[in-house]
Amino acid sequence: MTRQALRTPESRFKDLPDYPFAPNYMELPDAEFGSLRMHYLDEGPRDAHPILLLASQGCWSYIYRHMIPPLVAAGFRAIAPDYIGFGKSDKLPSTDDYSFQRHIDWNVAFMDRLELRGITGYLFDWGGFFGLRIAAERPDIFSRLALSNTNLPHGDSPGKSWFLRWREEQLAKTEFPQGEMVNDGTHHELRPETIAAFDAPYPDEGYKTGPRRFPMILPISADDPASPANTAAWELLGHWERPVLTLYSKQFDGSAMGPARVLGHIPGCKGQDHALLDEASFYIVEDQPMELARRLIAFASN
């Protein structure tokens, strides 16, 4: 007997500010739930070059609301999925229903169903955690990568102590923050209605098992189940010669959250127009969406 996933009522998404996009849904086969519904935005001509926008901790496709219009205006197809457990996608009832590998599998199934090949990937935070792994294992999918405030975690990754403290603080909260988490990580304070939009997918704490699980499944220890595969992927990326662009927040330069590790490891980074953006905190997509779009358009147009 298959189990039942949670589905956020559509009324929660009514009249969100700056989010006029039509929803798209895909059914992904799942052994435990029969199938899971995954939501995604798909804007621009279907025969245009696709740019896949993968999101961050606590976010969903709403975070790309300001980047998508200029990408489409420049002639690209912009695709932004909601991970299972986030946004308009189905939510699973138990935190044990989520693992790093299951997210990899769901995302690869999504890309294969859309027949995405030779595309540009914009990978922000968790978008890079998933996307870099997928790029290494499935090089047919991506022809180039743009990275923001991300890396590929695997056992000996730097920044572990900081992350463990942050994880403990977040999980100790009775109500797991979503909109406030984004607001706390931006250079410019968000409007109340924007914060509410980031909270929209989660009517109550029972819908937040996906976001709550994210910090626990990051493979930051050698004995983590996903660490061997991520380590192997990191080694493969040491031979990746396709173009890789880094667009990081300047405040992280020189820290474990900065671009140095990527720049020193992936050959495709050489000769690219890398940037460290001012007035940008962790949620760089909220702080600098138009500058990111401008640089992404130039990168994908080459």
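Note that the coordinates shown come from a computational prediction; the quantities given were computed from them, not determined experimentally. Residue numbers count from 1 along this sequence.
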message: Whether Glu32 and Arg3 form a salt bridge (side-chain N of Lys/Arg under 4.0 Å from carboxylate O of Asp/Glu) is what I want to check.
response: yes

> Looking at Phe142, does the NZ or CZ of Arg242 lie under 6.0 angstrom from its six-membered ring centre and within 45 degrees of the ring axis?
Replying inline: no

| field | Heavy-atom check, side chain of Phe282 versus side chain of Asp184, under 4.5 Å | value | no

- Using atom types as modelled and distance alone, determine if a side-chain donor or acceptor of Asp287 lies under 3.5 Å from a backbone N or O of His187. yes

Note: Asp204-Lys208 ion pair, threshold 4.0 Å (strictly below): no

* **4.5 Å side-chain heavy-atom contact, Thr209 and Ser94** => no

- Does atom CD of Glu10 have more than 12 heavy-atom neighbours from other groups under 6.0 Å away? yes

Is there a side-chain contact between Leu6 and Leu92 (heavy atoms, below 4.5 Å)? no

Next item on the list: For residues Arg77 and Glu43, determine if any side-chain heavy atom of one lies less than 4.5 Å from a side-chain heavy atom of the other.
Entry: no

With heavy-atom distances below 4.5 Å as the criterion, would you say the side chains of Ile51 and Ile79 are in contact?
no

| message | side chain to side chain donor-acceptor pair (under 3.5 Å), that's the test. Do Ser148 and Tyr248 meet it? Break it down for me. | response | CA-CA 5 Å; Ser148 285; Tyr248 281 57; over 6 Å; no

(request) Inspect the contact between Asp112 and Arg138 and indicate whether a charged nitrogen and a carboxylate oxygen are less than 4.0 angstrom apart. (result) yes

Looking at Arg46 and Gly44, would you say the former's side chain and the latter's main chain have a donor-acceptor pair under 3.5 Å? yes

With a 4.5 Å limit on heavy-atom distance, are the side chains of Cys59 and Tyr283 in contact? yes

Should Arg102 and Asp30 count as an ion pair when the cut-off is N to O under 4.0 Å?
yes

Per side chain to side chain contact (heavy atoms under 4.5 Å, CB included), Asp90 is matched among Thr8, Leu36, Leu28 by Leu36

Checklist entry - With a 4.5 Å heavy-atom cut-off, do Ser249 and Ser281 have their side chains touching? => result no

Tyr25 six-ring face occupied by Arg37 cation (under 6.0 Å, within 45°)
yes

Review point. When you measure from the centre of the six-membered ring of Tyr62, is the NZ or CZ of Arg65 under 6.0 Å away and within 45° of the axis?
Key: yes

Under a 3.5 Å distance rule, please check whether Glu291 uses its side chain to pair with a backbone N or O of Leu277 as donor and acceptor. no

Test the Arg133-Trp234 pair against the cation-pi criterion, namely NZ or CZ under 6.0 angstrom from the six-membered ring centroid and within 45° of the ring axis. no

Taking the side chain as everything from C-beta on, heavy atoms only, tell me whether Asp82 gets closer than 4.5 Å to Trp60. yes

Checklist entry - When you measure from the side chain of Asp140 to the backbone N and O of Arg117, does any donor-acceptor pair fall under 3.5 Å? => result no

- prompt: Could Glu205 and Arg212 be called an ion pair, given the rule that one side-chain N must be under 4.0 Å from one carboxylate O?
  reply: yes

Using side chain to side chain donor-acceptor pair (under 3.5 Å), reason through Tyr19 and Ser61 one step at a time and then give a plain yes or no.
CA-CA 9 Å; Tyr19 193 77; Ser61 55; 2.9 Å; yes

>> Using modelled atom types and a 3.5 Å cut-off, is there a donor and acceptor pairing between side-chain atoms of Ser255 and backbone atoms of Phe252?
In response: yes

- prompt: side chain to side chain donor-acceptor pair (under 3.5 Å) between His274 and Thr246: does it pass, once the steps are laid out?
  reply: CA-CA 5 Å; His274 305 291; Thr246 62; 3.0 Å; yes

### Message
Does the plane of the ring in His103 sit parallel, tilted or perpendicular to the ring in Tyr83? Use 30° and 60° as the thresholds.
### Response
perpendicular

(message) A quick test of your reading: do over 12 heavy atoms of other residues, nucleotides or ligands sit less than 6.0 Å from CD of Gln4?
(response) no

